[in-house]
Asks: 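Quick one: the structure is below, questions incoming.
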Amino acid sequence: MDPFYMAQVLVRLLPPLGLTMLLSLTALVIATPLGLVLGAWRAELSDQQPAARLIDTWVLIVRGTPILIQIFVFYFILPKLGLQTPLFVMGVGALVLNSAGYQIEIGRAAVQSVAKGQWEAALALGFDRRASLLQFILPQAARRMVGPVMNELSQLIKASSVLSVITLFELHKAAEAISSANLRFSEVIVVEGILYFVFIFGISLIARVFERRLSSAGGLADAGSFAR
Amino acid sequence: MSFDWIAFFEYLPRLIRASGVTLQVSLLSLGLACVLAPILALSRLLGPTLLRSAVQAFIELIRGLPPLVVIAFCYFALPKLGLVLSGFWCGVLALGVVGAVYAAEIIRSAIESLGKGQLEAALALGFARWQAVLDILLPQALRRILPPLTNEFANLIKASSLLSVISVHEISQVGQSLIFETFVVIEILVQMAILYLIIIGTVTFISRRLEKGLSS
Amino acid sequence: MTLLAANNLFKRFGSFTALDGVDLDLDRGERLVICGPSGSGKSTLIRCINRLEEPDSGTITIEGLPATDLQSLRRRVGMVFQQFNLFPNLTARENVAIGPRKLLGLSRAEADARAEALLDRVQLAGHADKLPSRLSGGQQQRVAIARALAMEPVLMLFDEPTSALDPEMIREVLDVMVELGEGGMSMIVVTHEMGFARRAADRICFMDQGRIVAMAPPQQFFEAPPHPRLVRFLENILGH
Ligand SMILES: Nc1ncnc2c1ncn2[C@@H]1O[C@H](COP(=O)(O)OP(=O)(O)O)[C@@H](O)[C@H]1O
Ligand SMILES: [Mg+2]
């Protein structure tokens, strides 16, 4: 391991790291409200309703296939439909589709974790179900989502590495490019690993702090789930 | 853009063969994870301070990396350290380690979720700490561990798609090269999705059943 | 003058009959206490009155009219829960003000003024800006009473309002309820606080296995219990 060379690599990896963050954050900002709203809506629907079936199918497909396949769908099918999409947009699209599928479950669990008594208090005051949901249940559910959504950001950063497969020039792709040009794979991968780790571990620390602060009822974040 | 059934059935056998590789890699790494995970979890719970911190650091490290980076590390960096593995075994090693780390966290949090009361009751009876963990806590935790652990298996299968980048001939790699060879896009993508859905769906279904069965 | 008339209410949960033909009348300004063993259907009965449970059959009229619109019915009937069920993200004042503001169309200032007055009335004048988590159980329950009163209901329902409280806080909640009754509020109170029943109730009814098996004014209820099962219940609860 050559520290000088590694420092050089680090500098070259910073711009793609920025792109990775931008990509992941953009996807998060779009997918989170989508997931919360659809998840809350799903919690209110019975299993048989068409909208429920549609949401369930989305969740099933997103969770039941690797993100790589979902990325392929965007990468191969959009051009076939005659849509010339910039890679960045394509990447965000795939990540949003994927992330919302997971966040629907987060939103739904958060809504369902709000105590039944809260519904009853709102209904007993004379609010209808819709108003009760919007006025009282969703704000409480949203607080419980803070931890899981922070986790979701780390998941997205990890997932965005998969976009390197379709040559979207972000962190992992850049690392690959540098290492195949110079044939010094191991140093590049170690530097890349350090960068990922610093960010993802940092986010998970912040997520834990939020989790402790906001949800005395216990976090919803799961320890598991490493692959998309 | 119409769906070409002939092409669909022409390429299906190759992808079905590739599913065999996907399953093999996933099962082998699951096996490795099942061996490593309890070791990691127990040394984090019971080990001497130094070992505990080392294991914790290792767990945090792997959790902070995309699996793709771990795979790349095993493939590109391990040979420099003298360990040369084929793409297939490299994948088993990488996914096994990643899976083990997450499974270890599941085991640990299941044991910790039992609360202090159980541990204190066992210690008060005269159990040693390790005895209390092994004989009293672990059996109780097992029912909470099994469902998320099967779920982790589903994650391993999804992650095995990443092995396409180190040319392991599993579903994603075979599908991808078929697409580039034949330019048959939709039919092959549909096949890939369906095969994953079947495999992952089965595992998820088992996980749900376990969850229901064990909670009642 | 009859405020509430419930006739022949039935409610089943699966094969279990929680209400087995209940008739109940309440006059305006009357205070009724319901007691009975756990699982006898007390909660189910009062939850049917504001339709948090839907009875399988039977009729309920309030002020002579059957309820057509769920929300307007519930606005006229206040409910206080065993577990308080305050909205944890809102301060005491906001908990009380939100109903009038969102449902009765009061301005924020009007709703806040009403909330302040009610918090004053339940002895919580200085606590308006606190979140529920900063209040004791007794204080939370008094906020919950104020929250229900803010809708200016014609009838108040209480479902074991002191069962979740530490003994030293029961008194402060019961005092508020006694005062409310003396002020002319129509009330139905599910409780095992027999002291409260003796002090504040016009009638006490005893439920068992989904039926009302005894109903009498306090004096008669305690001194000449009109049903053998009630005799046993009173022996248990009063510790004779
Ligand atoms: N939502 C429900 N689903 C099934 N059973 C219920 C439900 N609510 C109440 N019950 C049953 O109905 C019976 C009466 O309940 P409840 O009215 O709460 O009794 P009480 O308030 O007198 O203790 C109980 O046996 C209870 O288990
Ligand atoms: Mg009850």
Side-chain angles (χ1 to χ4, degrees), chain A residues 32-33 36-37 39-40 43-48 106-150 209-221, chain C residues 43 46-54 67 69-90 94-105 111 131-134 140-141 143-159 164:
Chain A
T32 298
L36 174 61
V37 170
E44 280 288 278
L45 293 170
S46 75
D47 289 351
Q48 283 77 34
I106 298 176
R108 181 178 168 175
V111 166
Q112 285 173 342
S113 75
V114 176
K116 216 174 121 223
Q118 292 294 310
W119 277 105
E120 294 188 342
L123 293 173
L125 275 177
F127 289 88
D128 60 22
R129 277 197 84 79
R130 199 189 145 86
S132 305
L133 180 67
L134 294 178
Q135 187 78 43
F136 301 107
I137 307 301
L138 270 190
Q140 293 182 50
R143 307 178 127 237
R144 283 166 210 225
M145 282 182 66
V146 172
V149 167
M150 295 288 290
V209 171
F210 270 111
E211 193 97 291
R212 239 174 270 140
R213 273 252 187 94
L214 288 177
S215 57
S216 47
L220 298 160
Chain C
S43 297
I46 66 168
R47 289 160 61 87
C48 280
I49 293 173
N50 74 351
R51 304 272 286 279
L52 282 179
E53 300 290 355
E54 203 59 42
D69 166 22
L70 221 52
Q71 275 74 50
S72 60
L73 163 77
R74 287 172 178 159
R75 281 167 214 179
R76 287 183 296 138
V77 179
M79 180 138 185
V80 175
F81 300 88
Q82 182 176 347
Q83 299 297 339
F84 331 135
N85 295 348
L86 290 182
F87 304 123
N89 48 335
L90 305 182
E94 291 166 339
N95 260 284
V96 181
I98 192 152
R101 196 152 68 81
K102 298 278 173 184
L103 299 173
L104 303 178
L131 287 173
S133 55
R134 303 279 314 281
Q140 287 191 53
Q141 193 59 297
V143 174
I145 293 172
R147 177 176 70 178
L149 290 175
M151 299 298 289
E152 302 189 322
V154 295
L155 168 65
M156 285 282 287
L157 307 173
F158 294 82
D159 191 0

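Since this is a predicted model, take the numbers as computed values, not measurements.
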Asks: Picking from A/Ile106, A/Leu138, A/Val149, what satisfies side chain to side chain contact (heavy atoms under 4.5 Å, CB included) with A/Leu36?
Replies: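 The passing option is A/Leu138.
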
Asks: Side chain, backbone, both or neither: which part of A/Ala122 has a heavy atom under 4.5 Å from chain C?
Replies: both

Asks: Among C/Leu73, C/Leu70, C/Ile98, C/Asn50, which residue has the highest count of heavy-atom pairs closer than 4.5 Å to chain A?
Replies: C/Ile98

Asks: Determine whether C/Glu152 and C/Arg75 satisfy the following criterion, salt bridge (charged side-chain N to carboxylate O under 4.0 Å, His left out), listing intermediate values before the conclusion.
Replies: CA-CA 8 Å; C/Glu152 302 189 322; C/Arg75 281 167 214 179; over 6 Å; no

Asks: Under 3.5 Å, is there a donor-acceptor pair between the side chain of C/Arg51 and the main chain of C/Arg74?
Replies: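 Flag not set: sc C/Arg51 to bb C/Arg74 has no pair under 3.5 Å.
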
Asks: Using the ring of each side chain (for Trp, its six-membered ring), is A/Phe127 parallel, tilted or perpendicular to A/Phe136, with breaks at 30° and 60°?
Replies: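 Ring orientation, 0 to 90° scale: perpendicular.
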
Asks: Against chain A, label C/Val77 side chain, backbone, both or neither, depending on which of its atoms sit under 4.5 Å from a heavy atom there.
Replies: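 It is the backbone, since no side chain atom gets that close.
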
Asks: Let me know if C/Phe81 has heavy atoms under 4.5 Å from chain A in its side chain, its backbone, both or neither.
Replies: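 For C/Phe81, side-chain heavy atoms alone lie under 4.5 Å from chain A.
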
